[in-house]
Amino acid sequence: MGRLRRVFDALMDWYGPQGWWPLGPAVRYHKGKYDQPSTGREVFEVYIGAILTQNSTWTGACQAMGRLRALRAMTPRALLALPDEVLEEAVRPARYLRQKARYLRAIASFFLLLKGRIPSREELLTVRGVGKETADSILLYAHHQPVFVVDAYTRRVMAALGVIRGDEEYDTIRALFEKELPADEILYNEYHALFVEHARRYYSKKPYGTGDPLITGFPVKRTRQKDTA
DNA sequence: AGCCAGGCTACCG
DNA sequence: CGGTAGCATGGC
């Protein structure tokens, strides 16, 4: 039963590889070797990006990262050395500058303690500002662990397709994907990115899912959403 | 002019 | 527990 696989194939067919976290052009995707962030710097940039994009736009997060780069503060030590006002000003385009400045400090300290080790999900969740989606994003996009990232878009799309109700626990939805799909880092990477690409088009404004070709083109059984449970 | 971003924490009942 | 207010923005 490859429902989820078919959805992936359709999205991949329509949008192509997204090459997220964006370590290099999508070309490299086809070379089989997904360009892995090997240096500590690149890994740390994913940590930073994961915080900065929370409930925000990628453009805003990029602007903030550009400011940090200009300040030469894309390493944990350099970031921690910034005065509060400077760090907050750099974060501004990514929203919640006060909060995210705190979060960035927390995760920079955490990153230093790791000394290059890959953290567990539980460890990540102890960091202030790191919730489930952020933890999973870091595991997947920075450390290449086969963890499926669930976000608001994932819920909307899958609920519209009748695969879920939409109010399930985060971990329930993650488990569903990880059960139905092979534990493939690159697959999860692209899938999540494709969800974002697709949902930005059809699931940004209400009513969600209007004109979604997944719905018109993939008749998914939606007849018993309510009666079980 | 609104509406909406790739959430998280804290605090409420 | 579940539900939600609040969080120092900027682009389409």
Side-chain angles (χ1 to χ4, degrees), chain A residues 7-8 11 15 17-23 45-68 82-110 121-143 147-160 164-174 177 185 187-210 212 229:
Chain A
V7 170
F8 173 80
L11 295 176
Y15 305 120
Q18 302 297 296
W20 257 27
W21 222 303
L23 312 156
E45 287 198 13
V46 178
Y47 278 62
I48 297 302
I51 297 290
L52 290 176
T53 79
Q54 288 172 358
N55 202 38
S56 176
T57 60
W58 182 245
T59 24
C62 278
Q63 288 179 42
M65 282 191 280
R67 294 187 183 191
L68 289 173
L82 293 177
D84 278 333
E85 319 84 68
V86 177
L87 181 56
E88 289 173 5
E89 206 45 46
V91 166
R92 177 183 292 278
R95 297 181 78 194
Y96 313 124
L97 59 96
R98 207 63 173 289
Q99 269 195 354
K100 285 183 178 175
R102 266 199 298 270
Y103 293 171
L104 289 183
R105 281 193 195 285
I107 209 163
S109 309
F110 175 78
R121 188 171 194 255
E122 292 67 37
E123 284 180 293
L124 281 165
L125 289 173
T126 65
V127 181
R128 166 98 104 175
V130 177
K132 289 175 180 174
E133 185 192 335
T134 304
D136 289 344
S137 288
I138 288 171
L139 288 173
L140 177 64
Y141 290 103
H143 297 301
V147 174
F148 198 94
V149 177
V150 175
D151 67 351
Y153 284 151
T154 311
R155 285 175 190 279
R156 288 181 198 171
V157 176
M158 296 323 276
I164 61 175
R165 290 191 313 274
D167 60 350
E168 291 88 345
E169 282 294 314
Y170 178 100
D171 287 315
T172 305
I173 301 175
R174 178 170 66 95
F177 279 89
E185 168 231 334
L187 172 64
Y188 292 178
N189 180 320
E190 286 295 344
Y191 209 148
H192 176 64
L194 286 166
F195 261 138
V196 172
E197 178 61 33
H198 184 68
R200 281 176 53 179
R201 305 184 183 209
Y202 301 102
Y203 292 82
S204 281
K205 29 188 167 308
K206 301 179 191 174
Y208 295 140
T210 308
D212 180 358

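Atoms considered below: every heavy atom in the structure, side chains included; atoms not considered: hydrogens, waters and symmetry mates. Model, not experiment: these values are computed from the prediction. In what follows, every chain begins at residue 1, and chains take the letters A, B, ... in the order their sequences are listed.
- Distance K206(A) NZ to dG2(B) P: 17 Å, rounded to the nearest Å.
- Nucleic acid contact class of A50(A) (heavy atoms, under 4.0 Å, all strands): none.
- Residues passing the salt bridge (charged side-chain N to carboxylate O under 4.0 Å, His left out) test with R200(A), sequence neighbours excluded: none.
- Nucleotides dA8(C) and dA1(B), compared at atom P, are 26 Å apart to the nearest Å.
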Bracket notation of DNA chain B in which parentheses pair within the strand, [ ] cross earlier pairs, and | pairs with another strand (Watson-Crick or G-U, under 3.5 Å):
.||||.|||||||
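- Rounded to an integer number of Å, the gap from I173(A) CD1 to dG7(B) C1' is 15 Å.
- Within 4.0 Å of G60(A), counting heavy atoms only, lies no atom of the nucleic acid at all.
- One N or O on the side chain of N189(A) and one on the backbone of W20(A) form a donor-acceptor pair closer than 3.5 Å.
- In this structure, CD of E197(A) is placed 14 Å from P of dA5(B), rounded to the nearest angstrom.
- Aromatic stacking is not marked for W58(A) over dA5(B), as the cut-offs of 5.5 Å for the centres and 30° for the planes do not both hold.
- Considering only side-chain N and O atoms, S56(A) lies nowhere under 4.0 angstrom from the phosphate OP1 or OP2 of dG6(B).
- dG7(B) atom P lies 14 Å from atom CD1 of I138(A), rounded to whole Å.
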Between protein and nucleotides 2-11 of chain C, map the contacts as a letter string: B base, S sugar-phosphate only, - none, heavy atoms under 4.0 Å, written 5' to 3'.
S---BBBBSS
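- Using a distance-only test at 3.5 Å, with no hydrogens or angles considered, a donor-acceptor pair links the side chain of E168(A) to the main chain of G166(A).
- Summary of the strand contacts: T53(A) and V130(A) both lie near DNA chain B, and taking for each the nucleotide with the nearest heavy atom, the more 5' one is attributed to T53(A).
- Ring geometry, Y191(A) versus F8(A): the interplanar angle falls from 30° to 60°, so the pair is classed tilted.
- Taking atom CG of L125(A) as the reference point, atom C1' of dC8(B) lies 11 Å away to the nearest angstrom.
- Whole-Å rounding puts the L52(A) CG to dA5(B) P distance at 18 Å.
- Take Y170(A) and apply the ring-ring contact (aromatic ring centres under 6.0 Å, His included) test, not counting sequence neighbours, and it matches no residue.
- Residue-level contact check: V149(A) touches neither bases nor backbone, having no heavy atom under 4.0 Å from any strand.
- The pair E197(A)-R201(A) meets the salt-bridge criterion, with a side-chain N (NZ, NE, NH1 or NH2) lying under 4.0 Å from an Asp/Glu carboxylate O.
- Side chain of T53(A) to backbone of S56(A): no donor-acceptor contact under 3.5 angstrom is found.
- Applying the salt bridge (Lys or Arg N to Asp or Glu O under 4.0 Å) test to pairs two or more places apart or on separate chains, those with a residue in residues 99-108 of chain A are D84(A)-R105(A).
- Backbone-only engagement by K132(A) is indicated by non-hydrogen atom pairs under 4.0 Å involving sugar-phosphate atoms exclusively.
- At whole-Å resolution of the value, CG in L140(A) and C1' in dG6(B) are 13 Å apart.
- Within the nucleic acid shown, V127(A) comes within 4.0 Å of sugar-phosphate atoms alone, with no base atom in reach, counting heavy atoms only.
- Cation-pi contact between R156(A) and Y203(A): absent, since separation from the ring centre below 6.0 Å together with deviation from the ring axis within 45° is not met.
- Atom CZ in R174(A) sits about 22 Å away from atom P in dG6(B), given to the nearest Å.
- Remark: the separation of the P atoms in dC8(B) and dG10(C) is 22 Å, to the nearest Å.
- Residues that satisfy the salt bridge (charged side-chain N to carboxylate O under 4.0 Å, His left out) test with R67(A), not counting sequence neighbours, are absent from this structure.
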